[in-house]
Amino acid sequence: MHHIVIVAGSSRVDSQTAKVAGFIGNRLIRAHDLEADAVSIIDLGRSPLPLWPADESGPWEEYEARLSRADAVIILAPEWHGMACPAIKNFFLYASKAQLAHKPAMLGGISAGVGGAFPISELRASSYKNCRLCYIPEHLIVRDVNHVMNGEEPESEADERLRQRLDYNLDVLLHYTRALAGIRPLIDMSNPGFANGMS
């Protein structure tokens with residue numbers, strides 16, 4: 001059974017990003033046949049990580065255990081001022097190869113307007129380097145987030161199209177999850193000469 005962790009990367013409580021995370025979790029269970037206990041959501045708005053570096057790590061120990069068990073990850077990043085929200089960038093200062101190396105991940109950019117693409121570019125460019133997370137080619141951009149993914153039935157053609165894209169992406173992610181499961185144990189991550197990704 002696959003275990004998937006969805007990271008809602010907003011620092012706001014009850015964020016639209018957390019709403020999207022819940023919607024995706026339900027789609028994994030209802031449309032992609034995952035068990036309810038195989039999907040876990042890390043909500044950085046409800047249980048934030050202290051700003052790195054910190055004297056104490058807050059909920060990181062719990063997050064670390066969930067990420068270590070995960071076979072795949074979904075990273076959702078709201079766009080603030082054309083950038084990924086600080087909460088998700090801070091998350092990647094905590095996360096390392098011990099939890100994420102060679103696991104597939106899908107990126108999602110969240111926008112209340114017509115944005116959402118910039119967090120995708122930003123995280124693809126830098127967030128994987130030391131943790132070795134493997135982003136799949138497909139990503140999701142949720143625009144006009146207040147008016148999509150709100151219930152069982154889509155509110156508009158755009159909402160319906162977005163849901164179709166989500167199901168397609170999740171299917172791709174699950175194929176990558178199966179494919180990479182056998183690769184991770186074969187890679188030696190203990191070599192101190194290559195502890196970090198190459199710059």
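It should be emphasised that the depicted structure is a prediction, and the values quoted were computed from it without experimental measurement.
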If you link I, L, V, M, F, W and Y whenever their side-chain heavy atoms are under 4.5 Å apart, who else ends up in the same group as [X]?
| X | answer |
| --- | --- |
| Leu67 | Val5, Val7, Ile42, Leu44, Leu49, Trp52, Trp60, Tyr63, Val73, Ile75, Ile88, Phe91, Phe92, Leu93, Tyr94, Leu100, Leu107, Ile120, Leu123, Tyr128, Leu133, Tyr135, Ile141 |
| Met198 | none |
| Met83 | none |
| Leu186 | none |

*Restricting to pairs with a member in residues 72-82, which pass side chain to side chain donor-acceptor pair (under 3.5 Å), not counting sequence neighbours?*
none
*When rounded to the nearest 0.5 angstrom, what is the spacing between CG in Asn169 and NE2 in His139?*
8.5 Å
*Roughly how far, to the nearest 0.5 Å, is CD1 of Ile74 from OG of Ser40?*
11.5 Å
*asked:* In the structure I gave you, are the side-chain heavy atoms of Asp37 and His3 within less than 4.5 Å of one another anywhere?
replied: no
*Do Ile24 and Val39 come close enough that some side-chain heavy atom pair is under 4.5 Å?*
no
*What residues, two or more places apart in sequence or in another chain, satisfy salt bridge (Lys or Arg N to Asp or Glu O under 4.0 Å) together with Asp43?*
none
*Tell me, please, which residues at least two apart from Arg163 pass side chain to side chain donor-acceptor pair (under 3.5 Å).*
Asp159
*asked:* Once side chain to side chain donor-acceptor pair (under 3.5 Å) is applied, do any residues pair with Ser96, and if so which ones, sequence neighbours excluded?
replied: Gln99
Which residue pairs satisfy the salt bridge (Lys or Arg N to Asp or Glu O under 4.0 Å) criterion with at least one member in [range], sequence neighbours excluded?
| range | answer |
| --- | --- |
| residues 116-127 | Lys89-Glu122 |
| residues 183-199 | Asp71-Arg184 |
| residues 14-34 | Asp14-Arg46, Arg27-Asp167, Arg30-Glu152 |
| residues 138-148 | Glu138-Arg165 |

_Verify same cluster id: Met106, Phe118 (apolar side-chain graph, 4.5 Å)_ = no
*Residues Glu157 and Arg161 bridged, charged N to O under 4.0 Å*: no
_Tell me if the CZ atom of Arg132 is crowded by more than 12 foreign heavy atoms within 6.0 Å._
yes
*Count the heavy atoms of every other residue, nucleotide or ligand shown that sit under 6.0 Å from CD of Glu35, and state whether that count exceeds 12.*
no
*Which of these, Pro119, Cys85, Ser111, sits in a side chain to side chain contact (heavy atoms under 4.5 Å, CB included) with Pro78?*
Cys85
